[in-house]
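The structure appears right after this line, and notes come after that.
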Amino acid sequence: MIDSADKATIDLFQGQEKRRGRPVTGTAKTNAERMRAYRKNRKEQGVRVVVQRPADLDQLIDDESNLYRQLEVLRQERDEALKRVAELEQQSDKTYFPD
């Protein structure tokens, strides 16, 4: 029998196990509820998030496309120069080592 005045003695047959972690309160919010409250609080505080585009972004994009065009032209010129070098090497081989 358990003495009702004795608060320090643990009942060995009751089997209460202490759970790990923070105790459950039963008032947990979902992630959506937390985010909704966060946005509401920020709106009430007058905090706004503004993403600004750099003023010269369009110019930078145009410059980049011009650079790609110039790069393509330079690649074509390189390929033509390599072909010409190969032709000249064949001609020089024929000059120094005739068949």
Side-chain angles (χ1 to χ4, degrees):
M1 180 177 264
I2 300 174
D3 184 10
S4 61
D6 185 12
K7 302 294 181 187
T9 305
I10 299 173
D11 185 9
L12 296 177
F13 299 108
Q14 193 173 10
Q16 288 185 354
E17 295 178 12
K18 186 175 179 184
R19 294 180 63 178
R20 294 180 62 184
R22 178 176 278 199
V24 177
T25 61
T27 59
K29 293 182 180 180
T30 64
N31 288 336
E33 290 170 334
R34 276 196 297 274
M35 196 66 202
R36 189 177 304 118
Y38 173 76
R39 283 192 217 104
K40 181 182 172 191
N41 290 337
R42 287 185 53 107
K43 188 175 183 180
E44 289 173 357
Q45 293 173 0
V47 177
R48 290 182 49 200
V49 176
V50 178
V51 178
Q52 292 182 341
R53 250 173 79 164
D56 58 347
L57 182 63
D58 293 331
Q59 181 63 38
L60 291 172
I61 292 171
D62 290 340
D63 291 346
E64 181 184 24
S65 62
N66 288 337
L67 288 173
Y68 277 116
R69 276 189 238 117
Q70 290 176 1
L71 179 62
E72 188 58 37
V73 169
L74 290 172
R75 284 180 177 159
Q76 290 174 355
E77 290 177 1
R78 178 201 60 194
D79 292 343
E80 291 172 5
L82 290 174
K83 286 179 187 177
R84 181 68 179 140
V85 167
E87 291 171 2
L88 291 173
E89 285 177 346
Q90 287 178 353
Q91 287 177 0
S92 67
D93 287 345
K94 289 181 182 178
T95 303
Y96 293 114
F97 306 108
D99 291 329

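Treat the numbers as computed from the prediction; the structure is a model and nothing was measured. When a residue number appears, it is its place in the shown sequence, counting from 1.
With sequence neighbours excluded, the residues forming a side-chain contact (heavy atoms from CB on, under 4.5 Å) with L60 are D56, listed by chain and number. Residues meeting the side-chain contact (heavy atoms from CB on, under 4.5 Å) test with P23, sequence neighbours left out: none. For R20, the salt bridge (Lys or Arg N to Asp or Glu O under 4.0 Å) criterion is met by no residue, not counting sequence neighbours. In terms of the side chain to side chain donor-acceptor pair (under 3.5 Å) criterion, residue partners of D58 (sequence neighbours excluded) are, by chain and number, R53.
Annotation: side chain to side chain donor-acceptor pair (under 3.5 Å) contacts involving residues 71-81, sequence neighbours excluded, are absent.
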Please report, to 0.1 Å, the donor-acceptor pairs under 3.5 Å made by any side chain of residues 34-43, with sequence neighbours excluded.
residue : atom : partner : partner atom : Å
R34     : NH1  : K29     : O            : 2.8
R34     : NH2  : N31     : OD1          : 2.2
Y38     : OH   : R42     : NH1          : 3.2
N41     : ND2  : A37     : O            : 3.3

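Between V50 and Q52 the shortest side-chain heavy-atom distance falls below 4.5 Å.
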